[in-house]
Amino acid sequence: MLPPGPYNPKEHEEKIYQLWEKSGYFNPDKNETGKSYSIVLPPPNVTGTLHVGHALMLVIEDILIRYHRMKGFKTLWLPGTDHAAIATQSKVEKIIYDKEGKSRYDLGREEFLKRIEKFAQDSHDTIVHQTKSMGASLDWSREAYTLDQARNRAVNTAFKIMYNDGLIYQGDRVVNWDPKGQTTISDDEVIYKEREAIFYTFKYSRDFPIAIATTRPETKLGDTAVAVHPNDERYKKYVGQEFDFEFCREQVHVKIIADESVDPEFGTGAVGITPAHSQIDWEIAQRHQLPLKQVIDENARIIVGGQDIKGKKINEAREIIVAWLKNEGLLIKEENIKQNVATAERTGGIVEPLPKKQWFVDVNAKIKMQPRIKYEAKLKNIKVGDEVSLKELMRSVVKSGEIKIIPEHFEKIYFHWIDNLHDWCISRQIWYGHRIPVWYKDEEIYVGEKVSEEEGWEQDPDTLDTWFSSGLWTFSTLGWPDETKDLKTFHPTDVLETGYDILFFWVARMILMTTYLLGEIPFRVVYLHGLIRDAERQKMSKSKDNSVDPLHIIDEEGADALRMAMVFGTGQGNDVVMSPDKVIAQKKFANKIWNASKFVLNNLGEKFEFMVVAIHELSLQNQNSDDKNILEKLNQTIAGVTKNLDNFMFHEAAQEIYQFFWHDFCDVYIEKVKLRLNSNDAADKKIAQEILYFVLLQCLKLLHPFMPFITEVIYQNLPEKNKENLMIENWPGV
RNA sequence: GGGCACUUGGCGCAGUUGGUUAGCGCGACUGGUUUACAUCCAGUAGGUCAGGGGUUCAAAUCCCUUAGUGCCCACCA
């Protein structure tokens, strides 16, 4: 029997979660016969707490997991957290600086890492608590961390394999340097922000024949060439000439070169080439064997020139140079333009291209596919012995349909991204992360899985891009590089569900790593969900201060209401609008379920013995048209919900069961049945009771993936024989 | 500059492979309240599916085009 009054989620949710955990059914090992179904949880960053975006991820994945568990699959949902290298380090640095005024260098590597680990542990605990509050049915016994020992072994192994294959190389290149975070970052971590800038047109010196234009005059101290288009009649005669002059008291030597990449229409049609401080100029310099001259250092300060400019920050240096140009009468034009400035995703620092020796993953080099663990299996269009590049691997598995991306149009975006992909810079000058597994001794270099005990070896001080370890996530969590039972059973995983904002950062890298290292796909389906927006359609973000804490909503309205609100009325992959109205509407729905269940349970009669009624056991002949009607609609609903869940149409599935339960079952059937329950026709009354009970039970099952808590509470109060948990009841129609 | 989408009643959205009166939530209006539920029920109003063109026996759904909006990538020095 259910207690009177409205449904109060607070009374039940925690108890129910404990009941589930105690049952052990989150762990797939309890199901010995089912076919496997697996999802690895995209590990939340240990940078604090979960936000509504995480909540959405948990809801969708838990729906898939619960649905498949009920369908009898050996279902694994594997939890974990991400050390998120730069993100976590910069957050802790900021906290320490704000509190103690100290930098990481003041503390030293060891002490600083201790502080981060403490912070990460606290975040982890909060995150786990929040995750459980959402009702997520994760197998906590398999929990992983991207920076724990098992994952470190996987990372080192992966690095070694790639190094030996020539895919990882150390190169002197112009990289994206973040002066604020004091580290390099990859192309994907660069965010362009529009800004006002001044576009200066000038000559280096009075004797120099060509004018050039730039928004960054301070870099011109490092120019080693001026490039013009080969067909530009204005400048043809100068090509090949070399000039020496003093530019703001710095000795500069430039050569005039011709290069196709120069647009004669833009600016003066001549480009000052600064190989050390521009990606593109560096490439041009490579083509023409130009020397490279670094004029800016890691702190974004000028390192050449006279006393007035040496040691100055770039903004100050710019002013000094402009003043000098004016003074010398060299400045021709100043224009205000809008410019995209490269900034670092995590720290917001302005990215300074600098020449540095870094580790890279070569995405274009052809490698011969090797037989690896499970290799014989799997890729459709690539066999052992084929020569392929990482780019081709990434492209192949999506093109072939082995990996399906939902919504589908993201496949095009994915291909477009691969086309523009450059080598991936994987080394970072930060301390929190997997140390690069490379040791040096004099001229020797050793790459391995373990620290060499021998004396005199020194490990590379850098750490790896966090996405390097995340890229291994689907299989590092299952025991790789060992050939474990879990790896055999649960890999490839079935679905990778995440926000579309990390399609490139993460999803693409998982595909790269997995196809290359395992010779199989990491997952069959990529389901990308949208962003959460508020009632005014604004993106929810901390900086905008419009984000809501999922725990707060759970506290107010219940986890079930929040879950349902997140999938209700939101098309596949679309952004989710979260308004209080929406959650309250679903809270009302929960209450409706509660009350209708109360009504049914109160009307089953003294001796309700037709436990676990199957549809064929219902006395079909004596049913009236209402009975037949509701049963037929129930069947349609079961078919519809099932089909929509199979097709990742969560909103449609949710709406269908909502509609059926509230309007067909409650408003029509229950209202009509009230008369029969009062009548003296005992046989007819019994039929009505059977159907009430039967339909309710089926509805609870259909609703369970969406609203697990309330449905389980009610289930626990049903007069079923031998019942355990609704969580493992059979899905209707199975 | 290149690419990808979106545009459906007042608001927010659904409508997968083209096929009977285009659905839902919120809101509005009118009534009801008899074995759960006022966090309720019944009913009403409101959309020629952005504009134009095409394919088809048949289009919100496919194609072309115009306009508006949003996103991604590249980045002009």
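Quick note: numbers below take in every heavy atom, side chains included, and nothing from hydrogens, waters or symmetry partners. Note on naming: letters A, B, ... go to the chains in the order of the sequence lines (proteins, then strands), and numbering restarts at 1 for each one. The structure presented is a predicted model; accordingly, all values stated were derived computationally and were not measured.
Between A:Asp667 atom CG and B:U34 atom C1' the separation is 16 Å, expressed in whole Å. The interatomic distance linking A:Ile714 (CD1) with B:A36 (C1') rounds to 12 Å, in whole Å. In this structure, CZ of A:Phe504 is placed 6 Å from C1' of B:C72, rounded to the nearest angstrom. Taking atom CD of residue A:Gln586 and atom P of nucleotide B:C37, one finds them 21 Å apart after rounding to whole Å. Between A:Tyr414 atom OH and B:G2 atom C1' there is a gap of 20 Å when expressed in whole angstrom units. Between the OH atom of A:Tyr669 and the P atom of B:A36 there is a distance of 17 Å, given to the nearest Å. At whole-Å resolution of the value, CG in A:Leu503 and C1' in B:C73 are 12 Å apart. Rounded to whole angstrom, the span from the CG atom of A:Asn420 across to the P atom of B:C75 amounts to 8 Å.
Rounded to whole Å, the separation between the C1' atoms of B:G51 and B:C57 comes to 27 Å. On the C1' atoms, B:G46 is 11 Å away from B:C29, given to the nearest whole Å. Between the C1' atoms of B:G23 and B:A60, the separation comes to 12 Å (whole Å). Here, B:G47 and B:C11 have their P atoms 13 Å apart, quoted to the whole Å. To the nearest whole angstrom, the two P atoms, one in B:A74 and one in B:U48, are 43 Å apart. Rounded to whole Å, the C1' atom of B:C75 lies 43 Å from the corresponding atom of B:G10. B:U61 and B:G9 have their P atoms separated by 15 Å, with the value rounded to a whole Å. With C1' as the reference atom, B:C64 and B:C73 are 26 Å apart, rounded to whole Å.
Ring-plane geometry between A:Trp467 and A:Trp506 is classed as tilted, the angle between the planes lying from 30 to 60 degrees on a 0 to 90 degree scale.
A donor and an acceptor atom sit less than 3.5 Å apart, one in the side chain of A:Glu671 and one in the base of B:A36. Evaluation of atom-type donor-acceptor distances gives no pair under 3.5 Å for the side chain of A:Asn591 against the base of B:C37. On a pure distance criterion of 3.5 Å, a polar donor-acceptor pair joins the side chain of A:Lys674 and the base of B:A36. For A:Lys592 and B:U39, a side-chain-to-base donor-acceptor distance below 3.5 Å is absent, hydrogens and geometry of angles not being considered.
Taking every heavy atom of both residues into account, A:Val363 and A:Ser389 meet most closely at O-CB, 3.6 Å.
Within 4.0 Å of A:Asp263, counting heavy atoms only, lies at least one base atom of the nucleic acid. Note on A:Asn644: nothing from the nucleic acid sits closer than 4.0 angstrom, heavy atoms only.
For A:Asp681 (side chain) and A:Ala683 (main-chain N/O), a donor-acceptor pair under 3.5 Å exists by modelled atom type.
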Does the side chain to side chain donor-acceptor pair (under 3.5 Å) test come out yes or no for A:Tyr204 and A:Asp223, once each step is laid out?
CA-CA 10 Å; A:Tyr204 293 112; A:Asp223 282 12; 2.5 Å; yes
Problem set entry | A:Gln339 and A:Thr215: CA distance, side-chain angles, deciding distance, side chain to side chain donor-acceptor pair (under 3.5 Å) verdict | CA-CA 9 Å; A:Gln339 194 200 210; A:Thr215 54; 2.7 Å; yes
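Taking every heavy atom of residues 190-201 of chain A and every atom of RNA chain B, pairs under 4.0 Å involve A:Tyr192, by number.
A salt bridge does not link A:Lys587 to A:Asp560: none of the charged nitrogens lies less than 4.0 Å from a carboxylate oxygen.
Within the structure, the salt bridge (Lys or Arg N to Asp or Glu O under 4.0 Å) test picks out the following pairs touching residues 225-236 of chain A (sequence neighbours left out): A:Asp232-A:Arg234, A:Glu233-A:Lys236.
Shown here are the side-chain contact (heavy atoms from CB on, under 4.5 Å) partners of A:Lys333, two or more places apart in sequence or in another chain: A:Thr201, A:Glu335. By the ring pair (Phe, Tyr, Trp, His ring centres under 6.0 Å) test, A:Phe504 pairs with A:Trp417, sequence neighbours left out.
The shortest distance between the side-chain N/O atoms of A:His651 and the OP1/OP2 oxygens of B:G15 is below 4.0 Å. An OP1 or OP2 oxygen of B:A77 is reached within less than 4.0 angstrom by a side-chain nitrogen or oxygen of A:Thr215.
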Read 5' to 3' with Watson-Crick or G-U pairs under 3.5 Å, [ ] for crossing pairs and | for partners on another strand, RNA chain B gives (((((((..((((.....[...)))).(((((.......))))).....(((((..]....))))))))))))....
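Taking the ring centroids of A:Trp594 and A:His12, they lie under the 6.0 Å cut-off.
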Could you tabulate the donor-acceptor pairs under 3.5 Å formed by side-chain atoms of residues 408-416 of chain A, not counting sequence neighbours?
unit_1   : atom_1 : unit_2   : atom_2 : d
A:Glu411 : OE2    : A:Ile405 : N      : 3.0
A:Tyr414 : OH     : A:Met394 : O      : 2.8

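Residue A:Gln339 has its side chain nearest to B:A77 when only B:A36, B:A77, B:A5 are considered. In the set B:U35, B:C40, B:A36, the nucleotide with an atom closest to the side chain of A:Asn603 is B:U35.
Judged by closest nucleotide on RNA chain B, A:His663 is the one of A:Val271 and A:His663 placed further toward the 5' end. Between A:Gln279 and A:Asn602, it is A:Asn602 whose nearest contact on RNA chain B lies nearer the 5' terminus.
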